[in-house]
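Position 1 is the first residue of the sequence; numbering continues from there.
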Amino acid sequence: MKAMPWNWTCLLSHLLMVGMGSSTLLTRQPAPLSQKQRSFVTFRGEPTEGFNHLVVDERTGHIYLGAVNRIYKLSSDLKVLVTHETGPDEDNPKCYPPRIVQTCNEPLTTTNNVNKMLLIDYKENRLIACGSLYQGICKLLRLEDLFKLGEPYHKKEHYLSGVNESGSVFGVIVSYSNLDDKLFIATAVDGKPEYFPTISSRKLTKNSEADGMFAYVFHDEFVASMIKIPSDTFTIIPDFDIYYVYGFSSGNFVYFLTLQPEMVSPPGSTTKEQVYTSKLVRLCKEDTAFNSYVEVPIGCERSGVEYRLLQAAYLSKAGAMLGRTLAVHPDDDLLFTVFSKGQKRKMKSLDESALCIFILKQINDRIKERLQSCYRGEGTLDLAWLKVKDIPCSSALLTIDDNFCGLDMNAPLGVSDMVRGIPVFTEDRDRMTSVIAYVYKNHSLAFVGTKSGKLKKMPGTSHCPTLELPMGPPSHRAAVTLEVLFSSCSSNW
């Protein structure tokens with residue numbers, strides 16, 4: 001694995017903290033770690049703000065923290081280097097277009113700007129910070145000093161999401177050496193599919209003030225680089241939405257992990273009930289018409305218990321030791337995932353949870369099998385939320401290999417059979433809410449964060465103890481998606 005510039009003093013990557021108390025804490029606190037005592041520092045935000053997202057510059061170790069009404073640039077030891085205010089401002093979520101474009105007749109109130117997406121654009125040395133104000137417009141900030149390079153807001157393509165929850169948007173940058181980069185955006189739409197596609201690919205122009213920033217990669221009268229939720233879907237599931245949990249790119253594809261409501265008939269019943277299904281969505285990076293869209297249900301089972309509600313995920317490599325156990329190459333991609341028990345509760349997940357591993361190649365093989373069978377004319381497209389009616393697959397004579405990117409037929413496509421992950425660890429009382437993994441000296445290490453503020457090193461990977469990060473009184477702890485690696489654990493190998 002590539003060594004980071006800050007020598008693993010403490011890697012914090014994509015940290016998402018949703019404040020539930022009066023403040024939110026970013027911390028590296030002292031903890032009894034065998035004989036080697038380490039002193040950890042703490043950064044506390046303003047009492048009225050919560051932390052939403054965090055990214056680390058892999059080249060410098062600088063930390064960029066997206067908070068309510070503010071973006072921070074921190075040193076690797078959590079000292080504030082620069083801040084940039086993003087709110088509050090006068091707004092109303094019903095104003096579309098936002099009032100900064102045209103007069104809005106809705107009553108305006110002072111509204112916080114919740115950071116909903118934070119990405120580093122390494123190619124152009126800028127930070128993409130998208131908030132909840134003005135239907136989800138974004139600022140492009142210079143990494144060095146957070147100077148505002150651009151803030152496009154004049155076109156509908158500049159409004160990425162009208163959902164005010166901090167975890168509602170996920171972005172993946174696809175970079176090119178001689179062309180403008182792409183930004184794949186996935187977002188919940190909160191009942192407003194006419195305004196926001198649930199998934200799309202956008203242009204990332206070199207000029208941060210260019211009119212074409214965030215424009216769809218392709219758009220004509222009939223086809224565009226996006227997928228919208230049809231209005232008919234809401235007649236079947238009135239509160240339908242797709243909730244995006246994680247996103248990444250690998251090989252020729254971009255992936256998003258989601259939670260989706262669907263109606264199912266319990267065994268022995270003639271009535272349907274709403275449940276939530278975890279699904280992986282895959283798209284080709286070069287597919288401008290989204291004909292390659294495929295989704296496959298994922299889940300986990302251990303000792304007869306089903307874990308189906310995705311909580312968090314992280315992409316890592318297998319490493320030599322785990323690769324040997326799983327019969328895969330050390331450089332093969334693995335998905336480390338956390339699921340909670342059952343399917344029926346999205347907002348109030350049960351405390352029983354499981355850490356599971358998926359071999360990405362096995363998921364891709366399952367998708368290839370489904371594509372091959374559909375192009376033989378077998379089955380239906382099996383994508384109920386997008387195709388309300390069952391549409392049969394059409395037969396076509398062609399070769400479908402690992403990198404097949406779809407045609408304007410048999411698309412978008414759903415896989416009906418669930419791909420099951422490999423259960424590694426279960427927790428019955430303190431629900432796991434986050435996960436991170438990396439390879440150290442041929443060993444694949446996994447850490448999870450829990451809802452009570454504990455950081456756990458998975459049994460069997462080293463002898464580090466469970467670490468508890470103080471987050472205040474239990475009733476005021478933050479709901480944490482915590483991704484922290486302590487070098488003190490790594491150094492014990």
Side-chain angles (χ1 to χ4, degrees), residues 172 184-186 189 193 197-201 217-218 222-230 232-233 236-237 240-264 276-299 310 335 358-420:
V172 176
F184 282 79
I185 291 286
V189 302
T198 187
I199 191 168
S200 59
S201 61
V217 171
F218 180 79
F222 303 104
V223 179
S225 302
M226 71 168 103
I227 288 182
K228 288 189 173 185
I229 300 174
D232 289 349
T233 301
I236 299 173
I237 306 178
F240 181 85
D241 216 331
I242 299 178
Y243 305 94
Y244 294 88
V245 178
Y246 185 63
F248 63 94
S249 65
S250 175
N252 294 323
F253 301 101
V254 171
Y255 302 81
F256 291 98
L257 274 67
T258 74
L259 270 176
Q260 303 177 21
E262 63 180 5
M263 303 301 293
V264 299
Y276 287 89
T277 298
S278 302
K279 293 186 178 183
L280 176 141
V281 170
R282 192 187 79 173
L283 282 160
C284 285
K285 291 178 179 177
E286 307 306 321
D287 178 14
T288 59
F290 279 27
N291 291 324
S292 62
Y293 184 100
V294 182
E295 61 180 38
V296 52
I298 57 174
L310 184 68
L335 265 177
F358 292 85
I359 301 170
L360 190 60
K361 185 180 184 303
Q362 291 184 352
I363 296 177
N364 286 328
D365 288 344
R366 181 67 191 92
I367 290 175
K368 183 172 71 173
E369 292 172 3
R370 176 69 176 108
L371 285 164
Q372 291 171 339
S373 68
C374 189
Y375 276 86
R376 290 196 298 265
E378 300 171 7
T380 65
L381 299 189
D382 200 21
L383 207 61
W385 70 265
L386 190 57
K387 309 288 186 182
V388 177
K389 297 180 180 179
D390 287 335
I391 299 176
C393 290
S394 300
S395 179
L397 293 175
L398 74 162
T399 300
I400 296 175
D401 59 15
D402 291 342
N403 295 313
F404 180 69
C405 280
L407 302 173
D408 58 355
M409 60 183 291
N410 294 335
L413 183 65
V415 177
S416 56
D417 295 332
M418 182 175 69
V419 175
R420 295 185 181 272

Distance, nearest 0.5 Å, that separates CG of Leu398 from CZ of Arg376: 11.5 Å

Within-4.5 Å side-chain heavy-atom neighbours: Lys285 and Asn252: no

Qualifying residues under salt bridge (charged side-chain N to carboxylate O under 4.0 Å, His left out), relative to Arg366, sequence neighbours excluded: Glu369, Asp417

Working for side chain to side chain contact (heavy atoms under 4.5 Å, CB included), residues Leu257 and Leu335: CA-CA 10 Å; Leu257 274 67; Leu335 265 177; 4.2 Å; yes

Point-to-point distance, once rounded to the nearest 0.5 Å, from CD of Glu295 to OG of Ser278: 11.5 Å

Those residues that, when tested against Arg420, pass salt bridge (charged side-chain N to carboxylate O under 4.0 Å, His left out) (two or more places apart): Glu301, Glu306

Separation of Leu259 CG from Tyr244 OH (nearest 0.5 Å): 11.5 Å

Student check: side-chain heavy atoms of Phe256 and Thr198 closer than 4.5 Å: no

From CD1 (Ile185) to OG (Ser225), nearest 0.5 Å: 13.0 Å

Check: Lys279 side chain, Val415 main-chain N or O, donor-acceptor pair, under 3.5 Å: no

Aromatic plane relationship, Phe240 with Trp385 - under 30° parallel, 30 to 60° tilted, over 60° perpendicular: parallel

Closest heavy-atom pair and its distance - Pro197, Lys228: CA-CG, 3.8 Å

Trace of the side chain to side chain contact (heavy atoms under 4.5 Å, CB included) decision for Glu286 with Cys405: CA-CA 8 Å; Glu286 307 306 321; Cys405 280; 5.9 Å; no

Side chain to side chain contact (heavy atoms under 4.5 Å, CB included) evaluation trace for Leu386 with Thr233: CA-CA 7 Å; Leu386 190 57; Thr233 301; over 6 Å; no

Flag, side chain of Asp287 to backbone of Ser292, donor-acceptor distance under 3.5 Å: yes

Where Ser394 and Met409 come nearest, the two heavy atoms and their spacing: CB-CE, 3.5 Å

Pairwise side-chain contact, Tyr255 with Leu360, heavy-atom cut-off 4.5 Å (strictly under): yes

Distance, nearest 0.5 Å, that separates CG of Leu280 from OG1 of Thr258: 8.0 Å

For Asp402 against Phe253, the heavy-atom pair lying closest together: O-CZ, 3.4 Å

For the student: nearest non-hydrogen atoms of Phe290 and Ile199, plus distance: CE2-O, 3.7 Å

From Leu413 atom CG to Thr380 atom OG1, the distance as rounded to the nearest 0.5 Å: 8.5 Å

Cys393 backbone acceptor or donor facing Asn410 side chain under 3.5 Å: no

Ring geometry between Tyr375 and Phe404 (parallel below 30°, tilted from 30 to 60°, perpendicular above 60°): perpendicular

Chi angles and distances behind the side chain to side chain contact (heavy atoms under 4.5 Å, CB included) call for Ile229, Asp241: CA-CA 8 Å; Ile229 300 174; Asp241 216 331; 4.2 Å; yes

Flag side-chain contact, heavy atom, 4.5 Å: Arg370 against Val296: no

Closest approach of Ser416 to Pro297 (non-hydrogen atoms, all atoms of both residues): O-CG, 3.7 Å

For the student: nearest non-hydrogen atoms of Pro261 and Tyr243, plus distance: CD-CE1, 4.5 Å

